[in-house]
Amino acid sequence: MPLPALFADWFAARGWRLRRHQAEMLEAAGRGDHALLVAATGAGKTLAGFLPSLVDLAAHPSDRLHTLYVSPLKALAADVERNLGAPIAEMALPISVESRSGDTSSDRKARQRSRPPNILLTTPESLSLLLSYPDSFAMFAGLKTVVIDEIHAFATGKRGDLLNLALARLQRIAPDLRRVGLSATIADPDAYRRWLAPGGDADRVALVEGEPGAEPDIAILLPEGSVPWAGHSGRYAVHQVMAEIAKNRTTIIFCNTRGLAELIFQELWKVNDLGLPIAIHHGSLDREARQRAEAAMAEGRLRALVATSSLDLGLDWGDVDCVIQMGAPKGSSRLLQRIGRANHRLDEPSKALIVPGNRFEYLEARAALDAVEAGERDADRFRPGALDVLAQHVMALACAAPFREAELLAEIRTAAPYRWIDAAIFARLLGFVRDGGYALKSYDRFRRLAPDGRGGWRISHPRLAAQHRLNAGIIVEAPMADVRFRNGRRLGKVEEYFASTLTPGDTFAFAGLSLEVEATRDTDLIVRATTRPARIPSYMGARMALTTRLADRVRHFLAEPESWARFPEDVRFWLEMQALRSVLPRAEELLVETFPHEGHHYLLCYPFEGWNAHQSLGMLISKRMERAGLQPLGFVASDYALALWSLRPVTKPEALFDAAILEEEFVEWVEGSHLLKRAFREVAVIGGLIERQHPGKRKSGKQVTFSTDLIFDVLRKYEPDHLLLEAAWADARERLTDVARLGDLLDRAAGTMVHRSLDRISPLAVPVLVLIGRENVAAADIDDALLGELADDLARTAMGEVRGPLARSPAKA
């Protein structure tokens with residue numbers, strides 16, 4: 001497909017040239033090929049995805065839906081809609097573009113189904129809802145292209161499962177449909193080609209690689225004093241961060257959690273002596289607040305925006321001069337994605353700073369910089385499609401039209417994540433969608449499908465279609481409470497768990513404000529602004545895991561003293577002292593240290609497998625220690641290490657790390673904890689067993705939890721092999737416990753464990769033992785000065801007196 005003169009003139013008028021990857025996307029479209037474009041941020045990736053559609057529509061005007069664009073974020077779809085307006089208006093193209101999301105008005109949604117635009121921008125969830133209407137067959141009959149932006153953001157998760165099932169249905173409606181995927185940061189393009197292709201056949205998807213851009217300019221911001229022993233916020237550097245904000249036109253400060261974003265915003269505001277305009281953006285804030293921040297950024301009215309992953313993707317703000325990552329990045333791909341938010345221009349380097357929270361995080365930050373320089377990306381792990389998502393999809397299709405079991409199974413198996421579904425599994429799933437399964441089939445409320453009289457299935461009552469559309473969705477949040485002023489103005493939401501810890505008069509920081517609780521009403525937290533000190537909301541979600549490749553690089557750092565010359569003096573001295581007092585393990589080894597401290601016995605190990613895996617391992621080893629009569633007292637985990645303490649010493653740690661722990665203690669622990677119930681709550685909501693909303697009324701989180709717990713207990717007793725229990729176990733294993741990394745860790749420990757029995761704390765143990773001190777202090781917001789004193793005391797014990805060539809001031813260390 002050549003570039004028409006009209007488009008060539010438009011490129012020239014803007015001072016642009018048609019880039020190689022944009023030309024190759026046109027060629028792929030001309031051949032009718034599916035395509036995956038992997039190109040750096042700022043390379044004109046989104047335009048490359050749309051260019052074939054714009055050229056085709058310019059040559060063959062239509063009043064039908066031509067192209068469907070799917071993004072992970074509503075904000076991204078809205079941003080693309082604005083950006084598409086420029087070429088369409090400037091070339092006077094007869095092309096209509098609209099967005100559709102949960103925020104779109106009901107009358108516009110209805111009109112879009114009967115008279116859709118040429119290009120419709122939406123999300124996986126909104127697309128699934130569109131497919132639940134009978135008129136979806138007519139709406140999508142002429143569809144030519146689906147463009148999936150930021151494909152890496154959801155392909156490996158449940159939203160990706162839902163989208164791939166939707167693609168299978170669209171391909172059935174429009175057999176000549178072309179699929180296009182766009183991404184800036186993926187390590188294994190072939191895996192994504194398989195995911196994108198009908199039937200999982202990667203050869204059907206052309207790989208287009210973008211022109212390389214300028215190398216990013218990334219630095220690690222070091223403190224004016226020494227790198228802290230512990231902590232993960234980087235709050236020690238707020239004065240330095242504020243100085244960077246003052247130097248640049250616009251800066252984005254990324255934080256890994258919503259709680260950290262609130263903390264950093266508050267700390268920055270305290271030192272904002274120049275009164276620079278700064279805002280905050282995260283997923284728990286009210287939609288209008290987020291939109292105001294996005295608009296202010298787009299218009300250049302902000303000097304800085306403190307944000308979470310809610311802004312990791314795509315928004316085109318060309319005037320962002322600098323990106324600052326507070327705390328460790330956890331992965332090179334995530335770091336690159338965030339860095340790409342700066343300047344959004346391919347030929348100019350993006351400027352970024354990393355602010356490590358502690359000494360281990362310094363090593364991680366250095367590993368991330370090395371990975372970026374080496375062109376190494378984090379590998380994504382694709383897993384089988386989830387059964388709860390498939391159940392929701394089957395119900396959506398039943399709302400649109402009756403179906404035959406064999407025909408629908410054949411269609412579903414063309415979705416790459418669901419190639420594994422066979423007739424027996426599908427029959428079980430259909431039984432669940434039909435009546436809830438054996439233990440629930442006697443209850444009328446679970447009867448959703450009925451025979452259609454022609455060998456197929458239909459929904460058993462028309463009202464079920466409306467109920468499905470009201471409750472469908474993949475993102476299941478923890479139970480939330482709305483934060484409101486007395487006049488009703490909504491600021492956003494915090495988790496019910498956190499809200500339950502607050503009483504009138506308590507204060508907390510939220511939406512960049514200090515708030516005092518006035519009252520609680522049902523699921524509302526009524527607040528007023530205050531100037532009193534405030535605590536930071538806590539969120540219960542799983543933490544970002546340190547990626548395997550970064551963990552490998554940090555292990556190599558420990559084993560290669562020749563690489564330490566690049567490190568700050570205090571970090572280098574810390575590692576030198578570890579080699580003197582204990583040992584630094586080789587990259588493939590697992591170091592386990594045992595030592596007495598303050599009347600207890602400690603076991604420290606350094607797997608570098610991430611907080612989620614270490615937390616699970618701590619629970620499992622604690623159980624094994626109990627059975628061995630070692631009287632464990634507790635444990636604490638970081639991304640890098642795990643510490644357990646007990647009344648009796650561990651002399652033979654090998655037995656604690658036996659791989660059989662995953663078959664024995666793991667199953668017992670999961671079944672006896674709330675972990676499985678939490679996973680079941682999510683799959684029950686996604687699978688349609690529990691409804692969150694009824695017309696005009698939404699269930700509270702407590703009501704949903706009560707309902708799911710009740711059904712969970714019934715199924716455990718009467719139908720332990722129920723489909724949703726199977727799905728909940730899969731979730732508990734894969735997502736909530738990082739069991740795959742646990743297995744790798746235990747396999748490694750079997751042959752490579754290095755045990756050192758010490759007479760005191762080792763230098764490597766200090767950062768994680770500070771966490772024990774933090775947890776033993778009841779205050780939620782322990783003072784940094786107290787933590788610093790605790791770290792100094794532990795460091796003095798660990799480092800001790802040194803003579804000879806390593807002698808150095810303990811304070812400097």
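All of these numbers come straight from a predicted model, not from anything done at the bench.
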Counting N and O atoms only, with roles assigned by atom type, does the side chain of Arg748 sit under 3.5 Å from a partner on the main chain of Pro607, one being a donor and the other an acceptor?
-> yes

Are any non-hydrogen side-chain atoms of His21 and Leu37 less than 4.5 angstrom apart?
-> yes

Asn471 and Val685, any side-chain heavy atoms less than 4.5 Å apart = no

Derivation of the side chain to side chain contact (heavy atoms under 4.5 Å, CB included) call for His282 and Thr257 | CA-CA 9 Å; His282 60 72; Thr257 65; over 6 Å; no

Is there a donor-acceptor contact under 3.5 Å linking the side chains of Asp435 and Tyr443?
-> no

Which pair of heavy atoms, one from Glu719 and one from Gly437, lies closest together, and at what distance?
-> OE1-C, 3.8 Å

Polar side-chain atom of Arg549 near backbone of Glu376 as donor-acceptor pair, under 3.5 Å = no

Side chain to side chain, Leu449 and Leu430, heavy atoms closer than 4.5 Å | yes

Do Arg469 and Ser132 have side-chain N/O donor and acceptor atoms under 3.5 Å apart?
-> yes

How long is the span from the NE2 atom in His34 to the CZ atom in Arg178, to the nearest 0.5 Å?
-> 8.5 Å

Drop me the distance from Gln467's CD to Met395's CE, to the nearest 0.5 angstrom.
-> 9.5 Å

Just by modelled atom types, is the Ala155 backbone N or O under 3.5 Å from a matching donor or acceptor in the Trp195 side chain?
-> yes

With sequence neighbours excluded, tell me which residues meet side-chain hydrogen bond (donor to acceptor under 3.5 Å, both in side chains) with Glu588.
-> Arg586

Under 3.5 Å, side chain of Arg448 to main-chain N/O of Val433, donor-acceptor pair present?
-> yes

Backbone of Ser71 reached by a side-chain donor or acceptor of Thr123 within 3.5 Å | no

Check for a donor-acceptor pair, side chain of Glu150 on one end and backbone N or O of Ser183 on the other, with a separation under 3.5 Å.
-> no

Does the side chain of Ile148 come within less than 4.5 Å of Leu196's, by heavy atoms?
-> yes

For Leu131 and Ser128, run side chain to side chain contact (heavy atoms under 4.5 Å, CB included): C-alpha distance rounded to whole Å, both residues' side-chain angles, the deciding distance at 0.1 Å, then the answer.
-> CA-CA 5 Å; Leu131 291 171; Ser128 179; 5.7 Å; no

Check whether any side-chain heavy atom of Leu724 lies under 4.5 Å from a side-chain heavy atom of Leu387, and answer yes or no.
-> no

In chain order, what residues pass the side-chain hydrogen bond (donor to acceptor under 3.5 Å, both in side chains) check against Arg193, with sequence neighbours excluded?
-> Asp190

Which atoms form the tightest heavy-atom contact between Leu464 and Arg447, and what is the distance?
-> CD1-O, 4.0 Å

Going by distance alone, is a donor N or O of one side chain under 3.5 Å from an acceptor N or O of the other, for Tyr640 and Glu609?
-> no

Does Arg169 make a cation-pi contact with Phe140, if we ask for NZ or CZ under 6.0 Å from the ring centre and within 45° of the axis?
-> no

Considering only NZ, NE, NH1 and NH2 on the basic side and carboxylate oxygens on the acidic side, decide whether Lys158 and Asp731 come within less than 4.0 Å.
-> yes

Atom pair CG (Leu397) and CD1 (Ile459), whose distance is rounded to the nearest 0.5 Å = 12.0 Å

Would a 4.5 Å heavy-atom cut-off, applied to side chains only, mark Val147 and Thr67 as touching?
-> yes

NZ/NE/NH1/NH2 to OD/OE distance under 4.0 Å, Asp713 and Arg716 | no

Euclidean distance, Thr414 OG1 relative to Asp201 CG, rounded to 0.5 Å = 12.5 Å

Nearest atoms (heavy-atom pairs only) where Ile151 meets Gly181 = CD1-CA, 4.2 Å

If every non-hydrogen atom of Ala749 is compared with every non-hydrogen atom of Leu590, which pair is closest and at what distance?
-> CB-CD2, 3.5 Å

Do side-chain atoms of Glu364 reach the backbone of Lys330 as a donor and acceptor pair under 3.5 angstrom?
-> yes

So which heavy atom on Ser136 is nearest to which on Ala400, and how close?
-> OG-CB, 4.3 Å

Could you check if a side-chain atom of Ile621 sits within less than 4.5 angstrom of a side-chain atom of Phe657, using non-hydrogen atoms only?
-> yes

Would you please test Phe446 and Leu689 for side chain to side chain contact (heavy atoms under 4.5 Å, CB included) and show each step?
-> CA-CA 7 Å; Phe446 298 120; Leu689 194 64; 3.6 Å; yes

For the side chain of Thr122 and the backbone of Arg100, is there at least one donor-acceptor N/O pair under 3.5 Å apart?
-> yes

Leu127 and Leu163: side chain to side chain contact (heavy atoms under 4.5 Å, CB included), yes or no, with the steps?
-> CA-CA 8 Å; Leu127 173 57; Leu163 176 55; 3.9 Å; yes

Please examine the side chains of Val70 and Asp149, heavy atoms only from C-beta on, and report whether any two atoms are closer than 4.5 Å.
-> no

Inter-residue atom distance Leu68.CG - Ser126.OG, 0.5 Å rounding | 10.5 Å

Looking at the rings of Phe635 and His614, which for Trp means the six-membered one, are their centres under 6.0 Å apart?
-> no

Roughly how far, to the nearest 0.5 Å, is the CG atom of Leu715 from the CG atom of Leu710?
-> 10.0 Å

Phe382 and Ala191 have their tightest heavy-atom pair at CE1-CB, 3.6 Å

When you measure from the side chain of Asp161 to the backbone N and O of Val389, does any donor-acceptor pair fall under 3.5 Å?
-> no

